[in-house]
Amino acid sequence: MAVSLDLFGTLVAVSRPAEPAAAVARELRERGVAVPDDWATVYREPQVTVEAGAELPLSDHVRHALASRGVDADAETVAAAIRAAFDGPVETRDGAETAVAAAAERGPVGVLSNCSVAGLVERTLARSTLDADRFDAVVASVGCGYRKPDRRAFEAIADALDVAVADLVHVGDDPATDGGAEDAGARSVLLTDTELTDLPGELEAMGCR
């Protein structure tokens, strides 16, 4: 048996920019990128068609948005601007460390997070008080290519933890995304029903020993 945990809203609380387009624009300008006057509009327009359930890296979206207005920006410059725009304060949630420790006592434990910003999941974990050595795998949608609730996201973390999907328990705060574990063939624990501090007892009740 293995346990995967959602990151944002489950293990940590983060401050997101109130106006993502403006935050990205500010960081792009600081790096010498000419931001179009209608950026607030073009940022919100779909730039690339992706299949249902697939993740489009935000850096790809931004580069296409800039290109649509004739602005050619270096990929690493765009990636650095986006990381800076979304890299806000991190607060480890009450019960997170105990929950991770309880999961690790029962088998492999990992993180499965929806995140379109490359490197942000790892950066967020590093800035939390969680012990990174507790995690056997960290899978972000931007890395595996699929967003929860797509079954392929849960298959990716199961593969990374070297277990079958049927032997995976996924813990998260969002029924619409984390609840997709059930449709994928795994089991889920939702924080809408169970407090994070109660996860050790919930795992025990589920027969996870």
**Report entry** Sidechain N-carboxylate O distance under 4.0 Å for R83, E76
**Finding:** yes
Query raised in the report: Are any non-hydrogen side-chain atoms of F8 and N114 less than 4.5 angstrom apart?
Result: no
Requested in this report: For residues F86 and C115, determine if any side-chain heavy atom of one lies less than 4.5 Å from a side-chain heavy atom of the other.
Outcome: no
**Report entry** Under-4.0 Å salt bridge between R134 and E105
**Finding:** no
Report task. For the residue pair T98 and P200, establish whether any side-chain heavy-atom pair is separated by less than 4.5 Å. Result -> yes
Query - Working for side chain to side chain contact (heavy atoms under 4.5 Å, CB included), residues V189 and V169 - result: CA-CA 7 Å; V189 177; V169 175; 4.0 Å; yes
Query raised in the report: Does anything in residues 170-186 pair up under salt bridge (charged side-chain N to carboxylate O under 4.0 Å, His left out), and if so which pairs, sequence neighbours excluded?
Result: K148-D178
Requested in this report: Return each pair, listed once, that meets side chain to side chain donor-acceptor pair (under 3.5 Å) where at least one residue sits in residues 156-167; pairs must be two or more places apart or across chains.
Outcome: none
Report task. Report yes if some heavy atom in the side chain of E51 is under 4.5 Å from a heavy atom in the side chain of D150; otherwise report no. Result -> no
**Report entry** Heavy atoms from other residues, nucleotides or ligands near CG of D193 exceed 12 (cutoff 6.0 Å)
**Finding:** yes
Query raised in the report: Can you find a pair of side-chain heavy atoms, one from R106 and one from E204, that are under 4.5 Å apart?
Result: yes
Requested in this report: Report, as yes or no, whether the 6.0 Å neighbourhood of atom CD on E30 holds more than 12 heavy atoms from other residues, nucleotides or ligands.
Outcome: yes
Query - Neighbour count >12 (heavy atoms, 6.0 Å) for atom CD, E19 - result: no
Query - Heavy-atom neighbours of D74 CG exceed 12 at 6.0 Å - result: yes
Requested in this report: Supply the atom-to-atom distance L161 CG to D136 CG, rounded to the nearest 0.5 angstrom.
Outcome: 6.5 Å
Report summary line: Taken to the nearest 0.5 Å, the spacing of E202 CD from T197 OG1 works out to 11.5 Å
Query - Gap between atom CG of D72 and atom CG of L66 - 0.5 Å precision - result: 9.0 Å
Report task. To the nearest 0.5 Å, tell me how far F135 CZ sits from L11 CG. Result -> 5.5 Å
Query - Contact check, side chains of E91 and V14, non-hydrogen atoms, under 4.5 Å - result: no
Requested in this report: Mind checking the OG-CE spacing from S188 to M206? Nearest 0.5 Å is all I need.
Outcome: 7.5 Å
Query - Option among D6, V165, I157 that satisfies the side chain to side chain contact (heavy atoms under 4.5 Å, CB included) test with H170 - result: D6
Report task. Report the C-alpha separation of R152 and E55 in whole Å, then their side-chain angles, then the decisive distance to 0.1 Å, and conclude whether the salt bridge (Lys or Arg N to Asp or Glu O under 4.0 Å) test is met. Result -> CA-CA 11 Å; R152 290 167 291 189; E55 179 68 278; over 6 Å; no
Report task. Report yes if some heavy atom in the side chain of V3 is under 4.5 Å from a heavy atom in the side chain of L203; otherwise report no. Result -> yes
Query raised in the report: Taking C-beta and beyond as the side chain, do M1 and L168 meet within less than 4.5 Å on heavy atoms?
Result: no
Query raised in the report: Can a donor-acceptor pair be found between the side chains of T129 and E97 at a distance below 3.5 Å?
Result: yes
Report summary line: Heavy-atom nearest pair, R31 first then A81, reads NE-N, 3.7 Å
**Report entry** Within 6.0 angstrom of D38 CG, more than 12 heavy atoms from elsewhere
**Finding:** yes
